[in-house]
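Have a look at the structure below, then the notes.
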Amino acid sequence: MPNLLSRGLFNLFFGSRRKPFAALPGPQPGVLGTAGDFLGPQPWDVCARYGREYGGVTLIWMGPSPGVVLNDPALIAEVLESPRRMEFEKGNISEQVRPTVTGDTVFIAKLSEDWAEKRRLEPMEQPWSPEWLAAQVQPMQTAIAESVEALLAEPSLDYTAALRRLTFDAFAVAAVGEKLPSSVFEDFLLLAKGADARIQAKLPLKFVSLPKGFAEAKTRFYGHFADRVRAARKSPKPHAVDLLSWSLRETPGIEDQVLAHLLGGVFYGGVFSSSTTLVGAFHQLQKYPDAEAQLATEAATLAEGALTFEKLSGAQWIEAVAYESLRLLPAVRVFTRTPSADAQLAGVMLPAGSMIMISNQHLHRDPAHWTDPEGFHPARWLDGGVARDPLGSGHFFPFGRGPRACVGGAFAMVFLQTALATIGARVKAHVDSTEPFEEGFFFGVVLPKGVTGRFIARHPQAARGTPAVHTA
Ligand code: HEM
């Protein structure tokens, strides 16, 4: 809480601005407004604390500018889902990631401009996308199994780094049909670091420089996909099931560069968020051995023969583990909107450009809605649990809500389930500590820190010298 002098100064200079917002609860503003609350703790923890202390809507002050933090499902639906959603554009994130992604991705498009047109072009939104998705299970399983074999040889793993690369490789197989050279992964990371520096900057963006070699890495990264698109046009593979081949067959008129940008965008859309979710899942499974044993049993059954989409769809425990991980430790916990013109919301008139922060952390752990919300209980998703709290509903929206929710949500679910099944069948992902891990922030996504451990082979033939465990 700002001291008396700081609060007095705010009131002296901006007191008259407070009157129209008097009906809304919130922390006392000081000279920085209430922005000081966000200097230190992670923004999702601040938003969740506001939810507990002030309820569904909290008035905040970014310096002299008012804003709100929403923790109320009805207000969140009004901003993200109702016809009124057209009044609210994405917040600063669009400008922050702009140098890294391209104008062809829907991520930074404006609702009032070409967002709808871009969304229609998204490969994951096509009538054929579900068929493409179903065909990814087997190739991703093979790619993940190879990564697991390599990771088994490591005496110690930093799970965030290891699963990030495993995820990147599986995404590459789904996107272009094979793993990509390490140099492409390095370029991908450098471009992400550039965006991250802008997201985390405390200074105006014009003072934030991009990392050395950024422009060259960008040319190489998207150029790599452009080369692949041109090569695929020249020598089409009629039976290939990757996104590139499928897109060219179904939408041959798409421009090479647009397709290259969309393929590259898949990695920015989902590698960090999906791998963070897996780290959270394995951390919780270490803490809840019964849940882990059930995962091992189900994964072992699925491992008999090739994994298919149908088999995966019947694996209820694996789905429940994925859902519970997305509930308790959602990888994307805060997103923002801003009214493009003055807009009435929560009984006040928010000026154009003001900050609306939406977080899922508080609602995902709301004790009025969930039993033992801080516990990891996949069983809550069985026996109608998924239908009670479907993705994108009031208390469960790890992929956002409404028409602008995650374009890759269905793909992310299939990836997560394939990864849990494939890793769970082969190894016990041992995590050294079940104490809550430190949460950092990278590229707008939660970054688990210090989660170490190792893979322990479940079967001696996969062990390559490591001790076997039998959990089934
Ligand atoms: C566990 C994994 C993932 C999580 C937790 C996640 C989360 C989210 C959330 C919360 C949003 C909405 C943000 C907002 O409303 O401002 C979003 C949007 C988006 N996501 Fe994901 N995402 C994941 C995976 C993916 C994947 C695999 C892709 C790949 C295509 C992807 C691409 C996108 C795009 C392009 C948008 C913007 C959609 C639009 O503006 O219309 N995401 N994601």
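For clarity, every value in this text was computed on a predicted model and none was experimentally measured. Counting starts at 1 for both ligands and their atoms, in listed order.
Side-chain contact, H224 with R220: no donor N or O sits under 3.5 Å from an acceptor N or O.
Side chains of E439 and F437 form a contact here, defined as non-hydrogen atoms less than 4.5 Å apart. Residues F376 and L285 are in side-chain contact: their nearest non-hydrogen atoms beyond the backbone lie under 4.5 Å apart.
For the pair R365 and W370, the NZ or CZ position fails the cation-pi test of under 6.0 Å to the six-membered ring centre and within 45 degrees of the ring normal.
Protein residues lining ligand 1, listed by chain and number: K90, V106, F107, W115, R119, M124, F171, V266, G269, G270, S273, S274, T277, V332, F335, R337, P398, F399, G400, R404, A405, C406, V407, G408, F411, A412 [non-hydrogen atoms, distance under 4.0 Å].
Screening F442, F107, F221 against Y268 for a ring pair (Phe, Tyr, Trp, His ring centres under 6.0 Å) leaves a single residue, F221.
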Name the atoms and distances for all side-chain donor-acceptor pairs under 3.5 Å in residues 166-176, with sequence neighbours left out.
residue: T167; atom: OG1; partner: L163; partner atom: O; Å: 2.6
residue: D169; atom: OD1; partner: R165; partner atom: NE; Å: 3.2

